[in-house]
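Single-structure report; data block below.
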There are 2 protein chains.
Amino acid sequence: MSRAIPTPGLPPTAALLPVTVDVIGLTVRGGVLQVLLVQRLLEPFAGVLALPGGFVLPDETLEAAAARELVEETGVAPPGHLEQLRTYGPLDRDPRGPVVSVAHLLLAPAFGLPAAGGDAADVAWHDVRPLLAGRGGAGRALAFDHARILADGVERARAKLEYSALATAFCGTEFTVAELRSVYEAVWDVRLDPRNFHRKATGTPGFLEDTGRTTSGGTGRPAALYRLAEAAGDPAAVVLNPPLMRPDA
Amino acid sequence: MSRAIPTPGLPPTAALLPVTVDVIGLTVRGGVLQVLLVQRLLEPFAGVLALPGGFVLPDETLEAAAARELVEETGVAPPGHLEQLRTYGPLDRDPRGPVVSVAHLLLAPAFGLPAAGGDAADVAWHDVRPLLAGRGGAGRALAFDHARILADGVERARAKLEYSALATAFCGTEFTVAELRSVYEAVWDVRLDPRNFHRKATGTPGFLEDTGRTTSGGTGRPAALYRLAEAAGDPAAVVLNPPLMRPDA
DNA sequence: CCAAAAGTGTTCCGGGTACACCCATGG
DNA sequence: CCATGGGTGTACCCGGAACACTTTTGG
């Protein structure tokens, strides 16, 4: 098995492998957790839904590669929070041979997608629930090992909402407590008590900041508008203490 | 930059990268958290301490590669729990060029190492604390970006002790509550109340199982010997509910 | 006035912390 | 009988869950 050595100085035992990034792009639309999927054009798995992704170039970081692939496949630069999830080993992933894939998690407010059938493959939001439930069942399956990767990503998102301000990554810059609660309910797939959630969210130090403005036009009393507490460039860096705990279920 | 394509069928945009595994091997000896380090024989960083690791072969999983490297560098097959930590991008890691490294975390009881100056590089246990504190300070630095990787690994270990039974991975198959507490104290670098810890550890369902046997010979009352609750092949899979929380500090 | 959603006050209770106290062994 | 560490009982207190109640808008 002879391979070109790209970098002088690396020992001859240095086998080279194709390295890809896959992106689990999550959003909350209509109170439901959704994931960004593409329909594959080429074999293997032509026509099957898959996570967006592609090969890492040698002169970019993993995160930059994930961001670049998102731009290439969606046509826009998505807002939101991007972080590495985990890496899936070279074996039993791609029928063409060994491939290492570094999965990334994107948590973003719902953003517009180019009209279906655009330049790349068909890209659209899909409800997460049937994709998780349909292990080998009724739901449409995902290509490669992407069902497993999606499950890992959703679990990471669920866990991180507990002890960080990451839920705000699903919202716009300003949002109501009810919108934030809707994010928690969608991601955790539970009902939360609006009154206790309100007290908890507004009472946690370093989490929310009142803008002084309110909503208008809706039915019922107007809601105060909040934003993520300032000096928090990355909502993942905000440690919620005490955490917002999900019910035992 | 021309590269050989190892697998027919992959698109020509598929750049190949050297992929390595690094292992953060943690243990608790004498009430102190320690990490397994090698002294590098070759440039770059010849003579500098580094995490053990090496290149991934195309026909093995990432975890298998990590386990293989451990055997090669320590001369023994270490016991304990091995899990993937995270992956460090191709840039600004190795002066020789882009390298992707998948870091793994090993939590193990203290195991013997071959006599210093054995077959591979000099491998030994080192206290973790000065390596974390000596950011750019007094402590001896680690090669490459290994100081950062070590910090990430220790933080993962600290977090996982809270809500899983992973602390038992540092112990033998049978251990006392005091030994288990010593693990928590070493990893978290705190003092814990022995009485409350005892109640908490023995009272958490699915965690500990009384063997019925006790220690003997030490000073004071003999301690009951426990083992990890059965049907728990992997202690990381045991969810502690409620968790053992580390003090705020 | 009524419906609906926002926001507050209050009660109950489980679990963590602090610490007094008893138990079992070696010397 | 004393020192040492193992193990239990208990009182206090904080924070989450449940839910009654008030506030503010539109119709």
Side-chain angles (χ1 to χ4, degrees), chain A residues 30-31 161-163 167 171 174-186 188 190-227 239-249, chain B residues 30-31 161-163 167 171 174-186 188 190-227 239-249:
Chain A
L161 290 211
E162 288 194 334
Y163 56 89
C171 302
E174 296 192 355
F175 47 87
T176 67
V177 174
E179 282 165 8
L180 188 65
R181 176 170 47 85
S182 153
V183 166
Y184 275 90
E185 292 181 331
W188 286 349
V190 294
R191 292 303 86 179
L192 299 175
D193 184 304
R195 296 99 84 189
N196 289 333
F197 181 87
H198 184 279
R199 189 189 358 253
K200 196 76 203 307
T202 57
T204 300
F207 191 12
L208 300 185
E209 200 169 58
D210 196 333
T211 65
R213 307 194 302 110
T214 60
T215 57
S216 65
T219 170
R221 172 173 169 176
L225 280 168
Y226 291 86
R227 57 170 163 262
V239 178
L240 264 38
N241 197 355
L244 270 147
M245 302 270 282
R246 46 181 157 168
D248 292 329
Chain B
L161 291 212
E162 287 193 334
Y163 55 88
C171 303
E174 295 193 356
F175 48 87
T176 67
V177 174
E179 282 164 8
L180 188 65
R181 176 169 49 83
S182 152
V183 166
Y184 276 90
E185 291 180 333
W188 286 347
V190 294
R191 293 302 86 176
L192 298 176
D193 185 304
R195 294 100 83 189
N196 289 334
F197 181 88
H198 183 280
R199 190 190 355 251
K200 196 75 203 309
T202 56
T204 300
F207 190 11
L208 299 185
E209 200 170 58
D210 197 335
T211 66
R213 307 195 301 110
T214 59
T215 56
S216 65
T219 171
R221 172 174 169 176
L225 280 169
Y226 292 85
R227 58 170 163 261
V239 179
L240 263 38
N241 197 355
L244 269 146
M245 302 270 281
R246 47 182 156 168
D248 292 331

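Any value given below was found using the heavy atoms of this structure, including those in side chains, with hydrogens, waters and symmetry copies removed. Everything numeric here is computed off the predicted structure, so don't read it as measured data. Chain letters run A, B, ... following the sequence lines, proteins first and then strands; every chain starts at 1.
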Next on the checklist: Which residues in residues 192-205 of chain B have a heavy atom closer than 4.0 Å to any atom of DNA chain D?
Outcome noted: B:R195, B:H198, B:R199

Next on the checklist: Give me each pair satisfying salt bridge (Lys or Arg N to Asp or Glu O under 4.0 Å) with a member in residues 240-249 of chain A, each pair once, sequence neighbours excluded.
Outcome noted: A:E155-A:R246, A:E162-A:R246

Item to check | A:N241 CG to A:Y163 OH distance, which is reported to the nearest 0.5 Å | outcome: 13.5 Å

Checklist entry - Judged by atom type as modelled, is there a donor-acceptor pair below 3.5 Å linking the side chain of A:T204 to the main-chain atoms of A:F207? => result no

Next on the checklist: Can you list everything that forms a salt bridge (Lys or Arg N to Asp or Glu O under 4.0 Å) with A:R195? Sequence neighbours excluded, please.
Outcome noted: A:D193

Taking only N/O atoms, report every protein-nucleotides 24-27 of chain D pair under 3.5 Å with atom names and distance.
| unit_1 | atom_1 | unit_2 | atom_2 | d |
| --- | --- | --- | --- | --- |
| D:dT24 | O2 | A:R221 | N | 3.4 |

Checklist entry - Any side-chain heavy atom of B:Y226 sitting closer than 4.5 Å to one from B:T211? => result no

Checklist outcome for this item: Closest non-hydrogen contact found for B:C171 with B:V183 is SG-CG2, 3.9 Å

Item to check | Any residue meeting ring pair (Phe, Tyr, Trp, His ring centres under 6.0 Å) with B:Y184, in chain and number order, not counting sequence neighbours | outcome: B:W188, B:F197

Next on the checklist: Minimum heavy-atom separation for B:T202 and B:H198, please, with both atom names.
Outcome noted: OG1-O, 2.7 Å

Item to check | Set of residues satisfying side-chain contact (heavy atoms from CB on, under 4.5 Å) with respect to B:V239, sequence neighbours excluded | outcome: none

Checklist outcome for this item: Closest non-hydrogen atoms of A:R199 and A:N196, given as atom of the first, atom of the second and distance, are NH2-OD1, 2.9 Å

Checklist entry - Bend angle of the helix from C:dC1-D:dG27 to C:dG27-D:dC1 from five-pair axes at both ends, rounded to 10°? => result 10°

Checklist entry - How many Å lie between CZ on A:R246 and C1' on D:dA17, as a whole number? => result 18 Å

Checklist entry - Quick one: how far along DNA chain C does chain B reach, first to last nucleotide 5' to 3', anything under 4.0 Å to a heavy atom? => result C:dG16 to C:dG26

Checklist entry - How would you list, by chain and number, every residue that makes a salt bridge (Lys or Arg N to Asp or Glu O under 4.0 Å) with B:D210, sequence neighbours excluded? => result none

Next on the checklist: Heavy-atom nearest nucleotide on DNA chain C for A:A223 versus B:S216: which residue maps closer to 5'?
Outcome noted: A:A223

Checklist entry - Any idea which heavy atoms bring B:S182 and B:G31 closest together, and the distance? => result OG-CA, 4.1 Å

Which donor-acceptor pairs under 3.5 Å do side chains of residues 213-221 of chain B form with protein atoms, sequence neighbours excluded?
| unit_1 | atom_1 | unit_2 | atom_2 | d |
| --- | --- | --- | --- | --- |
| B:R213 | NH2 | B:E174 | OE1 | 2.5 |
| B:T215 | OG1 | B:A223 | N | 2.9 |
| B:T215 | OG1 | B:A223 | O | 3.4 |

Checklist entry - Does the side chain of B:L244 come within less than 4.5 Å of B:L161's, by heavy atoms? => result no

Checklist entry - Looking at DNA chain C, which of residues 174-185 of chain B put a heavy atom within less than 4.0 Å of it? => result none

Checklist entry - For the residue pair A:R181 and A:L192, what are the closest heavy atoms and their distance? => result CD-O, 4.1 Å

